[in-house]
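All remarks here apply to the structure that follows.
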Amino acid sequence: MASPVSVIAPRVMAAIEAAFGAEFAGTDPVLRPSQYADLQVNAPLALAKRLGLPPREVAGRLLAELELADVCEQVEISGPGFINLTLAATWIGAETTSVRADDRIGVPLEPRQRVVIDYSAPNVAKEMHVGHLRTTVVGDALARTLEHLGHDVIRQNHIGDWGTPFGMLIEHLLDVGEGTAEARLLETDPNAFYQGARERFDGDEAFATRSRERVVALQAGDPDTLRLWSELVELSRHYFNRIYSLLGVTLTDDDLAGESTYNDRLASICDELETAGIATISDGALCVFLDGYTGREGKPVPLIIRKSDGGYGYGTTDLATIRYRVEELRADRMLYVIGAPQALHLRMVWDTARLAGWLPEGVDPVHVQIGNVLGEDRKILRTRSGAPLRLVALLDEAAATARAVIDAARPDLDEDTRAAIAPQVGIGAVKYADLSVAHDSEYVFDLARMVALTGDTGPYLQYAAARIRSIFRAADSAPAVLAESGTAQIKVVEPAERALALTLLDFGDVVAHVGADLEPHRLCHYLFGLAQAFSVFYEHCPVLKAEGATRSSRLSLCALTLKVLVHGLDLLGIEAPERM
RNA sequence: GCCUCCGUAGCUCAGUUGGAUAGAGCGAGUCACUUCUAAUGACUUGGUCGCAGGUUCGAGUCCUGCCGGGGGCACCA
């Protein structure tokens with residue numbers, strides 16, 4: 001049970017070695033999808049130069065050693081020296097049957113690594129915006145995928161729960177009164193609360209002074225101030241959890257590791273770096289100057305780890321996360337699912353940690369860069385100017401749009417069913433839109449497109465799954481049908497069956513790929529292709545009206561397709577409704 | 001100014017790490033529903049891959065230089 005590539009690649013490699021000698025062991029077979037066959041071997045062209053032979057002759061010698069009779073029905077040299085491979089229908093059928101019986105449907109169980117994933121990271125007393133939405137959704141998909149590949153995933157939600165704004169926020173909380181409706185805004189509309197504090201701060205000098213004093217008290221650990229601070233965090237947590245629950249994100253309170261977590265480690269970080277001679281005082285601030293980092297007019301750019309007023313910035317907390325994740329969490333792999341603009345900052349932090357010896361060989365932090373979300377004008381979507389874009393409102397709107405379409409398309413479903421489906425479809429649409437473009441590319445935020453229920457969208461995938469479920473619902477005796485679909489030999493006869501089966505065989509490779517390269521959009525495009533392949537199959541190959549072995553083979557193919565679709569969507573964090 | 005990412009069909013985006021004639025979706029046009037869900041499918045339309053060189057059997061992909069755009073570049077995170 002394995003994908004065509006994983007079966008054939010070793011055989012080609014063995015053939016290369018057999019044909020050209022041991023020094024060619026390990027040569028990349030350059031196995032690629034082909035428009036002329038199922039797969040093509042491109043290695044002969046690459047080898048021709050090294051061997052000093054014409055590519056077609058290389059292909060010929062390789063072919064003489066290539067043993068694929070059990071897998072392929074046709075193997076031929078083509079063009080300048082490609083070897084085209086056409087898989088045997090019997091092999092495809094047998095492999096697909098075997099995947100059908102596999103609990104993991106072809107997804108490998110990899111050697112267990114401890115993977116720490118930093119994602120989401122909203123700010124206390126602030127609305128999550130579309131940028132947060134994207135790191136949250138992408139990070140969660142990666143967490144789910146890596147977990148399923150067998151890794152020990154530790155989620156770290158590095159919320160912004162510390163810093164100078166808290167003086168202002170605490171004073172505002174005191175002014176409006178704890179437990180009042182105004183304070184409750186933190187749970188429902190945090191931006192409104194924040195704006196309120198901001199306005200006071202900007203317009204009322206006495207308030208501003210109190211706020212600054214409050215920051216000092218907070219940093220000094222004043223118990224009363226800390227209590228008020230934790231109340232702010234607590235209220236915000238309710239807000240985060242509501243969003244996470246709405247989104248179907250796996251983050252919980254256990255994953256919270258906000259900036260404040262590292263407070264008591266920051267002084268030591270600065271001391272150690274200063275003692276080691278890595279950090280030096282410049283303009284009153286403690287800085288790390290690294291080779292190769294220059295800014296305007298060639299001036300060296302510092303990583304500031306202690307401000308001239310004695311406070312700490314995010315550079316210091318980020319250093320602390322590395323130590324914590326390496327020394328205490330014992331991370332083998334560390335992912336930072338953070339906006340692309342942070343790239344320079346992170347590189348400096350990591351280089352500093354390397355210098356300090358806090359980042360051992362073999363532990364490579366990875367910045368999963370999240371591209372900016374753009375508005376229709378192709379400029380960064382900002383919540384401040386223009387119409388405020390509240391995430392909750394946006395998700396509600398997505399669900400409402402989905403609801404309208406469902407109402408129109410499925411008047412036969414009862415009210416409760418339609419009400420339950422709408423958020424699954426609407427939220428799924430938004431998440432799929434976020435996941436289906438490469439995480440590091442910018443994309444234009446367009447709610448209408450995201451919620452569109454046709455094309456390369458979440459709902460299209462959900463619909464394919466719902467159609468399969470409908471087939472099983474329509475079957476007379478469900479238990480018998482299920483049994484039939486679970487054990488039957490899959491036979492590939494029609495082109496649509498063949499294409500569908502071939503797609504199904506690739507699932508495991510794709511998931512492994514997503515885990516290795518941290519690219520959920522590949523899974524999206526795979527699933528979209530699978531849904532398309534199924535739709536074609538659905539058009540051309542009647543299932544329940546077929547008879548005998550054909551019927552049970554097709555039922556089995558449907559069951560496997562459903563399994564892969566639902567499972568793939570689950571790895572992305574998208575639900576698959578029973579009906580649509 | 002320096003660093004960095006990007007420029008692919010009218011629009012939104014892929015492009016499996018250098019392979020044969022560059023792909024999807026949306027849009028536009030034609031066609032197919034007494035159906036296991038037409039929220040679909042089939043076909044058509046659509047490209048100097050920003051420009052110019054270079055590397056080699058072969059470049060959307062690699063190197064250089066331009067043009068255009070985003071982002072970053074000392075006490076906000």
Side-chain angles (χ1 to χ4, degrees), chain A residues 5 30-36 40 42 45-46 48-49 54-55 78-82 84 121 123 160 162-165 259 282-287 292-309 311-315 317-318 339-345 369 371-372 374 378-380 405-406 408-410 412 425 433 436-438 440-444 446 449 452-457 459-460 462-464 466-475 509-510 513 517 521-522 524-525 528-529 532 535-536 538-546 554 558 579-580:
Chain A
V5 170
V30 202
L31 208 50
R32 298 284 184 271
S34 175
Q35 50 190 310
Y36 301 98
Q40 62 185 48
N42 295 341
L45 288 91
K49 185 141 199 178
S78 169
F82 302 101
N84 290 349
N123 290 313
W162 200 255
T164 48
E259 293 167 351
S282 168
D283 289 351
L286 186 60
C287 302
Y293 293 95
T294 53
R296 292 192 182 86
E297 296 151 28
K299 280 187 186 167
V301 176
L303 178 71
I304 294 175
I305 56 173
R306 193 178 61 218
K307 298 186 284 182
S308 52
D309 67 1
Y312 303 102
Y314 75 142
T317 19
D318 283 344
Q342 306 286 342
L344 174 67
H345 168 76
Q369 302 198 13
N372 288 316
L374 310 176
R378 296 206 65 98
K379 290 188 173 161
I380 290 185
V405 181
I406 293 162
R410 297 299 306 271
D412 56 310
V425 172
S436 60
V437 295
D440 57 343
S441 68
E442 301 181 321
Y443 85 100
V444 175
D446 180 350
R449 185 188 304 278
L453 304 182
T454 60
D456 185 6
T457 65
Y460 176 82
Q462 293 172 321
Y463 176 62
R467 282 174 123 183
I468 301 173
R469 287 182 157 142
S470 177
I471 291 176
F472 286 103
R473 249 194 321 270
D509 277 4
V510 171
H513 217 279
D517 290 349
H521 78 282
R522 285 179 188 254
C524 291
H525 289 295
F528 177 59
Q532 282 183 314
S535 292
V536 174
Y538 187 89
E539 292 283 326
H540 292 92
C541 305
V543 178
L544 296 177
K545 285 177 185 164
R554 287 178 181 173
C558 285
R579 332 166 173 252
M580 286 178 71

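The structure displayed is predicted, hence computed values, not measured ones. Each chain gets a letter, A, B and so on, in the order the sequences are listed, and its residues count up from 1. Basis for what follows: all heavy atoms, side chains included, without hydrogens, waters or symmetry-related copies.
- For the OP1/OP2 pair of B/rC57 and a distance below 4.0 Å, the side-chain nitrogens and oxygens of A/K49 include at least one atom meeting the criterion.
- Distance A/R467 CZ to B/rU37 P: 9 Å, rounded to the nearest Å.
- Straight-line distance between the P atoms of B/rG29 and B/rU8: roughly 26 Å, to the nearest whole Å.
- Within 4.0 Å (heavy atoms only), A/P302 reaches at least one base atom of the nucleic acid.
- The two atoms that bring A/I471 and A/L544 nearest to each other are O-CD1, 3.5 Å, heavy atoms only.
- Among the nucleotides B/rA74, B/rG25, B/rC36, the one closest to any side-chain atom of A/R296 is B/rA74.
- At whole-Å resolution of the value, CD in A/E539 and P in B/rA38 are 7 Å apart.
- Scanning for ring pair (Phe, Tyr, Trp, His ring centres under 6.0 Å) contacts around A/F528 gives A/Y460, with sequence neighbours left out.
- Residue A/Q532 contributes atom CD, which lies 14 Å from atom C1' of B/rA39 at whole-angstrom precision.
- Summarising the geometry of A/P542 relative to A/A546, their closest heavy-atom pair is O-CB, 3.6 Å, with the distance given to 0.1 Å.
- Using a 4.5 Å heavy-atom threshold, the side chains of A/P80 and A/L45 count as touching.
- Listed pair A/Q342 / B/rG71 fails the phosphate criterion, with no side-chain N or O lying under 4.0 Å from OP1 or OP2.
- Shown here are the side-chain hydrogen bond (donor to acceptor under 3.5 Å, both in side chains) partners of A/D509, two or more places apart in sequence or in another chain: A/S3.
- Looking at the side chain of A/A474, the nearest of the listed nucleotides B/rC73, B/rC36, B/rU40 is B/rC36.
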Check: Can you give one letter per nucleotide of nucleotides 10-16 of chain B, 5' to 3': B if a protein heavy atom sits under 4.0 Å from the base, S if only from the sugar-phosphate, - if neither?
Finding: -SSSSSB
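- In the interface, the side chain of A/S308 is not paired with the base of B/rA74 through any donor and acceptor atom under 3.5 Å apart.
- Closest approach of A/V425 to A/I406, counting heavy atoms only: CG2-CD1, 4.3 Å.
- Between the CG atom of A/N372 and the P atom of B/rC6 there is a distance of 14 Å, given to the nearest Å.
- Under 3.5 Å, the side chain of A/N84 and the base of B/rA20 form at least one donor-acceptor pair of N or O atoms.
- In this structure, the nucleotide among B/rG71, B/rC75, B/rA39 sitting nearest to the side chain of A/D283 is B/rC75.
- Spacing between B/rC11 and B/rA28 at atom P, rounded to whole Å, works out to 16 Å.
- Among the nucleotides B/rG70, B/rC75, B/rG19, the one closest to the side chain of A/I304 is B/rC75.
- Of the candidate nucleotides B/rG25, B/rA74, B/rC76, B/rC76 has the atom nearest to the side chain of A/K307.
- Heavy atoms of A/I406 sit under 4.0 angstrom from at least one base atom.
- Atom CG of A/L286 is separated from atom C1' of B/rC75 by 12 Å (rounded to the nearest Å).
- Residues A/C287 and A/I304 share a closest heavy-atom pair of SG-CG1, 4.0 Å.
- No engagement by A/K299 is indicated, since no non-hydrogen atom pair under 4.0 Å with the nucleic acid exists.
- Nucleotides B/rC63 and B/rC26 have their C1' atoms positioned 37 Å apart, rounded to a whole Å.
- Closest to the side chain of A/V301, from the set B/rC73, B/rG25, B/rC26, is B/rC73.
- Between B/rA24, B/rG19, B/rA77, one nucleotide has an atom nearer to the side chain of A/N123 than all others, and that is B/rA77.
- Using a 4.0 Å heavy-atom distance criterion, A/C558 is classed as making no nucleic acid contact.
- RNA chain B is contacted by both A/H345 and A/Y314; A/H345 maps to the nucleotide lying nearer its 5′ end (nearest heavy atom per residue).
- Across all strands, A/F528 comes closer than 4.0 Å only to sugar-phosphate atoms, never to a base (heavy-atom distances).
- Between B/rG25 and B/rG46, the two C1' atoms lie 14 Å apart (nearest whole Å).
- Here the nucleotide nearest the side chain of A/Q35, chosen from B/rA39, B/rU21, B/rC57, is B/rU21.
- Atoms CZ (A/F472) and P (B/rU37) sit 12 Å apart, rounded to a whole Å.
- In this structure, A/H513 has no ring pair (Phe, Tyr, Trp, His ring centres under 6.0 Å) partners at least two apart in sequence or on a different chain.
- Between B/rA20 and B/rA24, the distance separating the two P atoms is 15 Å to the nearest Å.
- Note: OH (A/Y460) to P (B/rA24) measures 13 Å, nearest angstrom.
- You can call A/F82 stacked on the base of B/rA20; the centres are under 5.5 Å apart and the planes sit within 30°.
- The gap from the P atom of B/rG65 to that of B/rU4 amounts to 11 Å, rounded to the nearest Å.
- Contact of A/Q462 with B/rA39 (side chain to base): no donor-acceptor pair of N or O atoms is detected under 3.5 Å.
- The side-chain hydrogen bond (donor to acceptor under 3.5 Å, both in side chains) search around A/R32 returns none, not counting sequence neighbours.
- The local environment of CZ in A/R469 is crowded, with over 12 non-hydrogen atoms from other residues, nucleotides or ligands closer than 6.0 Å.
- If A/Y312 and A/L544 are placed on RNA chain B by their nearest nucleotide, the residue sitting closer to the 5' end is A/L544.
- Classification of B/rU17 as syn follows from a glycosidic angle within 90° of 0.
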Note to self: Could you spell out the base pairing of RNA chain B as a dot-bracket line? Use Watson-Crick and G-U wobble contacts where both distances are under 3.5 Å, [ ] for crossing pairs, | for partners on a different strand.
What the structure shows: (((((((..((((.....[...))))((((((.......))))))....(((((..]....))))))))))))....
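- Every residue two or more places apart in sequence or in another chain that forms a side chain to side chain contact (heavy atoms under 4.5 Å, CB included) with A/A438 is listed here: A/D440, A/S441, A/H521.
- With sequence neighbours left out, the side-chain hydrogen bond (donor to acceptor under 3.5 Å, both in side chains) criterion links A/N42 to A/Q40.
- Here A/C524 lies out of heavy-atom contact (under 4.0 Å) with every strand.
- When distances run from any side-chain atom of A/S535 to the nucleotides B/rC36, B/rU17, B/rU40, the shortest one goes to B/rU40.
- B/rU61 and B/rU16: their P atoms are spaced 12 Å apart (whole Å).
- Listed by chain and number, the residues in a side-chain hydrogen bond (donor to acceptor under 3.5 Å, both in side chains) with A/Y463 are A/R467 (sequence neighbours excluded).
- Taking atom P on both B/rG18 and B/rG60, the two are 13 Å apart, rounded to the nearest angstrom.
- Between the CG atom of A/D412 and the C1' atom of B/rA39 there is a distance of 13 Å, given to the nearest Å.
- You'll find that the side chain of A/Q40 is closest to B/rA20, out of B/rC73, B/rU37, B/rA20.
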